Amino acid sequence: MMKRIRTRYAPSPTGRMHVGNLRTALYAYLIAKHEGGDFLLRIEDTDQERQVEGAVEIIYRTLQKTGLIHDEGPDKDGGVGPYVQSERVCEGIYMKYAKQLVEKGEAYYCFCTKERLESLKQTLEGKEITVYDKHCLHLSPEEIRANLESGMPYVIRQNTPNEGTTTFHDELYGDITVPNAELDDMILIKSDGFPTYNFANVVDDHLMGITHVVRGNEYLSSAPKYTRLYQAFGWEEPVYVHCPLITDEFKKKLSKRSGHSSYEDLIEQGFLDEAVVNYVALLGWSPEDNDEFLTLPELVEKFDYRKINKSPAVFDMVKLRWMNGEYIKKMDRERYYERALPEIRKVVSKDLPLEKIADLMQSRIETFPDICPAIGFFEELPEYDPALYTHKKMKTDSEISLAVLKSLLPMLEKEENYSVEILRALLTGFTAGSGRKTGQVLWPLRIAVSGLASTPGGAYEIMEILGKEESLERIRRGIALLEQQKASE
RNA sequence: GGCUCCAUGGUCAAGUGGUUAAGACAUCGCCCUUUCACGGCGGUAACUCGGGUUCGAAUCCCGAUGGAGUCACCA
């Protein structure tokens, strides 16, 4: 009987969630849910200085919107709480376990000052590197007791031997062996009494019964330190799944600090939750049947972490945009209007049928803000060059255009119903009777009512939206423009 | 620089010893169309290199090269 799978997402509340984190959360969720397991949320707020107001709310909101619903967390007690590390600090959990390690000789008190640590620093290729020299490991028990009693600030460090190697197993990468000499004596408990991420993570994953640790590839090189911790405690190690990195176009790790978009930024830029989740799921994994469009339940069903790619993936905004466009096309009316109408209102203040403008745009946009630059001509006819009336392929020029518009005008003045159907019937009838090509009629007409070489929709749709009065006004202006041009020749 | 990981078109990504090396995005061309978009059809484009193992290697091994990650009282 297999143990019930438990995974967790353990963010630190430092702001918005960037897509790398989102993908890690998603994979953790999928791994658990694929097997009917539990997905927990744990807040890792052990860094007092990096706390950001409201960041926890962002985490809740993001998980909610993306559908990654946790089974246990600060707001849903599953019996292994608290689920916020600062609260666990208050319960003395980490200190208790750290002292256990000190007693076993697996960790030790360190009283080194910032200045001394600074002197250990060396620079390699512009990067600052500090390797602790185990100075305090050699303190006598008396010295340690005296230091503690005098209230001297201290940290607790892991004691890693300088000889031998440590091996851990990752589901994707296999066995990875690292020389122990490479493993720094990392700090377990900071001088403010809080644990470091490294320590709290191991303790909590164990205490919360996490079976599969899902995290980013950037933790691969510190993983052996965690293994040593598990061994020091005598605890069973979880299954590790290190997800490949998501990078920018220069193949650098995506990070908040370099100003890469967060999930919330993307939503603000007009992307849909489902599209972002869908796209991000495909960065490092693909379904067997090759169908790229997957809902969250479908992902749960099809996801197999053994098939996650090992190499990093470039975040391709162009493909995300395409996928978002596909999602927009498939949106039902109501939901689409909800997002599209506010965009349209940014540009159109006149009393026009906004839903019709929205309908016109649905198959033409990839993100919602794409709407704005395309519909300005509805609000106001732009100044345009009469040369637009000349189009070789349409077999039309300013002379033909002028003639067509002039003969169209009285007919259109008589018509009251400016619906697409009626206009089409009217115009096709005219075209047939005039002996002209369709393009020779509709091209000039569309230019006149839009002033643009390319528009969403054709002349019928535009005129329906503009209505009779405005359409006629624009046609008259077109005629005037063409006559003016003719006169100046 | 040490350590570790990675290596199929510009990008994502199938492929686990024998394939004409899938598919998607992008790109280019054609068709459809009153323009644009949608849609349809088609094209260009890849196994980093060098050694092995094997009848046979994108696939296994070694090396080189390249890229990335990491080396905090941050997570």
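If you're wondering where the values come from, they're calculated on a predicted model, not measured in any experiment. Here is how names work: the chains are called A, B, and so on, in the same order as the sequence lines, proteins then strands, and each is numbered from 1.
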Report task. Would you jot down, in residue-number order, the residues of residues 431-463 of chain A having a non-hydrogen atom under 4.0 Å from RNA chain B? Result -> A/T438, A/L442, A/W443, A/R446, A/A453, A/S454, A/T455, A/P456, A/G457, A/G458, A/A459, A/Y460, A/E461

Query raised in the report: Which of the following nucleotides, B/rC3, B/rC25, B/rC73, is nearest to the side chain of A/E182?
Result: B/rC3

**Report entry** Presence of salt bridge, A/R424 and A/E421, under 4.0 angstrom
**Finding:** no

Query raised in the report: Can you check whether A/K253 has a side-chain N or O nearer than 4.0 Å to OP1 or OP2 of B/rG67?
Result: no

Requested in this report: Return the residues of residues 365-381 of chain A meeting this criterion: a heavy atom under 4.0 Å from some atom of RNA chain B. Order them by number, or give none.
Outcome: none

Report summary line: Quick note, A/I129 side chain, CB onward, closest among B/rG39, B/rC71, B/rA68 is B/rC71

Requested in this report: Scan A/Y219 against the nucleic acid and name what it touches under 4.0 Å (heavy atoms): base, sugar-phosphate only, or nothing.
Outcome: base

Requested in this report: Test for a donor-acceptor pair under 3.5 Å between the base of B/rC38 and the side chain of A/S363, counting only N and O atoms.
Outcome: no

Donor-acceptor contacts, no H, no angles, side chain residues 304-311 of chain A, under 3.5 Å, sequence neighbours left out:
| residue | atom | partner | partner atom | Å |
| --- | --- | --- | --- | --- |
| A/D304 | OD1 | A/R306 | N | 3.0 |
| A/D304 | OD1 | A/R306 | NE | 3.3 |

**Report entry** Closest-nucleotide 5' rank along RNA chain B - winner of A/V131 and A/H391
**Finding:** A/H391

**Report entry** Pairs where residues 8-17 of chain A contributes a residue and the test salt bridge (Lys or Arg N to Asp or Glu O under 4.0 Å) is met, not counting sequence neighbours
**Finding:** A/R8-A/D205, A/R16-A/E264, A/R16-A/D265, A/R16-A/E268

Requested in this report: Kindly state each residue pair satisfying salt bridge (Lys or Arg N to Asp or Glu O under 4.0 Å) with at least one member in residues 395-407 of chain A, sequence neighbours excluded.
Outcome: A/K406-A/E483

Requested in this report: Run the salt-bridge test on A/K302 and A/D289 with the 4.0 Å N-O cut-off and return the result as yes or no.
Outcome: yes

Report task. Return yes if the base of B/rA22 and the side-chain atoms of A/N290 contain a donor-acceptor N/O pair under 3.5 Å, otherwise no. Result -> yes

Report summary line: When both distances are under 3.5 Å in a Watson-Crick or G-U wobble arrangement, the nucleotide paired with B/rU16 is none

Report summary line: B/rC60 -> Watson-Crick or G-U wobble partner, both distances under 3.5 Å, gives B/rG52

Query raised in the report: Closer to the 5' end of RNA chain B via nearest nucleotide, is it A/I187 or A/L320?
Result: A/L320

Query raised in the report: When rounded to the nearest Å, what value does the distance between P atoms of B/rU44 and B/rC28 take?
Result: 16 Å

Query - Same-atom distance (C1') from B/rU53 to B/rG42, integer angstrom - result: 42 Å

**Report entry** B/rA14 phosphate, OP1 or OP2, under 4.0 Å from A/S286 side-chain N/O
**Finding:** yes

Requested in this report: Would you indicate which nucleotide in B/rC3, B/rA72, B/rA14 comes nearest to any side-chain atom of A/P179?
Outcome: B/rC3

Requested in this report: Looking at every strand, decide which applies to A/E218 at a 4.0 Å heavy-atom threshold: base, sugar-phosphate, or nothing.
Outcome: sugar-phosphate

Query - Base partner of B/rU4, which must satisfy Watson-Crick or wobble distances under 3.5 Å - result: B/rA68

Requested in this report: Give a yes/no answer on whether the side chain of A/K190 brings an N or O atom under 4.0 Å of OP1 or OP2 in B/rC74.
Outcome: yes

Report task. For B/rA46 and B/rU19, measure between their C1' atoms and round to the nearest Å. Result -> 15 Å

Report task. Check whether the ring centres of A/Y27 and A/F303 lie less than 6.0 Å apart, and answer yes or no. Result -> yes

Query raised in the report: Would you say the side chains of A/Y384 and A/Y389 form a donor-acceptor pair under 3.5 Å?
Result: yes

**Report entry** Worked verdict on A/V202 versus A/Y97 for side-chain contact (heavy atoms from CB on, under 4.5 Å)
**Finding:** CA-CA 11 Å; A/V202 167; A/Y97 283 101; over 6 Å; no

Requested in this report: Using the P atom on both, measure B/rC36 against B/rA22 and round to a whole Å.
Outcome: 32 Å

Query raised in the report: Does A/K319 come within less than 4.0 Å of A/D316, counting only side-chain N to carboxylate O?
Result: no

Requested in this report: Determine, for A/F293 and A/K330, whether the Lys NZ or Arg CZ falls below 6.0 Å from the six-membered ring centre while staying within 45 degrees of the axis.
Outcome: yes

Requested in this report: Tell me, please, which residues at least two apart from A/F315 pass ring pair (Phe, Tyr, Trp, His ring centres under 6.0 Å).
Outcome: A/Y279

Query raised in the report: The side chain of A/T196 lies closest to which of these nucleotides: B/rA75, B/rC36, B/rU4?
Result: B/rA75

Query raised in the report: Taking only side-chain nitrogens and oxygens of A/K252, does any of them come within less than 4.0 Å of OP1 or OP2 of B/rA68?
Result: yes

Report summary line: By the Watson-Crick or G-U definition, both distances under 3.5 Å, B/rU33 is matched with none

Could you tabulate the donor-acceptor pairs under 3.5 Å formed by side-chain atoms of residues 361-368 of chain A, not counting sequence neighbours?
| residue | atom | partner | partner atom | Å |
| --- | --- | --- | --- | --- |
| A/Q362 | NE2 | A/I328 | O | 2.9 |
| A/Q362 | NE2 | A/M331 | O | 3.1 |
| A/R364 | NE | A/L360 | O | 2.6 |
| A/E366 | OE1 | A/R321 | NE | 3.2 |
| A/T367 | OG1 | A/D370 | OD1 | 3.1 |

Query - Selected nucleotide, minimal atom distance to A/L117 side chain, candidates B/rC71, B/rC25, B/rC73 - result: B/rC73

Enumerate, atom names and distances included, each donor-acceptor pair closer than 3.5 Å involving a side-chain atom of residues 238-247 of chain A, sequence neighbours excluded.
| residue | atom | partner | partner atom | Å |
| --- | --- | --- | --- | --- |
| A/Y240 | OH | A/E237 | OE2 | 3.0 |
| A/H242 | ND1 | A/D170 | OD2 | 2.6 |
| A/H242 | NE2 | A/R215 | NH1 | 3.1 |

Query raised in the report: Considering Watson-Crick and G-U wobble pairs with both distances under 3.5 Å, what does B/rU44 pair with?
Result: none

Requested in this report: Kindly say whether, by distance alone, the side chain of A/K393 makes a donor-acceptor pair under 3.5 Å with the base of B/rU33?
Outcome: yes

Report task. Please list, by residue number, the residues of residues 43-55 of chain A whose heavy atoms come closer than 4.0 Å to an atom of RNA chain B; answer none if no residue qualifies. Result -> A/E44, A/T46, A/D47, A/R50

Query raised in the report: What nucleic acid atoms does A/C110 come within less than 4.0 Å of, heavy atoms only: base, sugar-phosphate, or nothing?
Result: nothing

Report task. Can you tell me the pairing partner of B/rC73 across any strand shown, Watson-Crick or G-U wobble, with both distances under 3.5 angstrom? Result -> none

Query - Counterpart residues, salt bridge (charged side-chain N to carboxylate O under 4.0 Å, His left out), relative to A/K114 (two or more places apart) - result: none

Query raised in the report: Out of curiosity, A/E379 CD to A/I344 CD1, how far, rounded to the nearest 0.5 Å?
Result: 12.5 Å

**Report entry** Contacts of A/H391 that satisfy ring pair (Phe, Tyr, Trp, His ring centres under 6.0 Å) - sequence neighbours left out
**Finding:** A/W443

Report task. Kindly point out which of B/rG2, B/rA75, B/rC36 is positioned nearest to the side chain of A/Y197? Result -> B/rA75

Protein-nucleotides 5-11 of chain B N/O pairs closer than 3.5 Å?
| residue | atom | partner | partner atom | Å |
| --- | --- | --- | --- | --- |
| B/rU11 | OP1 | A/K251 | NZ | 3.3 |

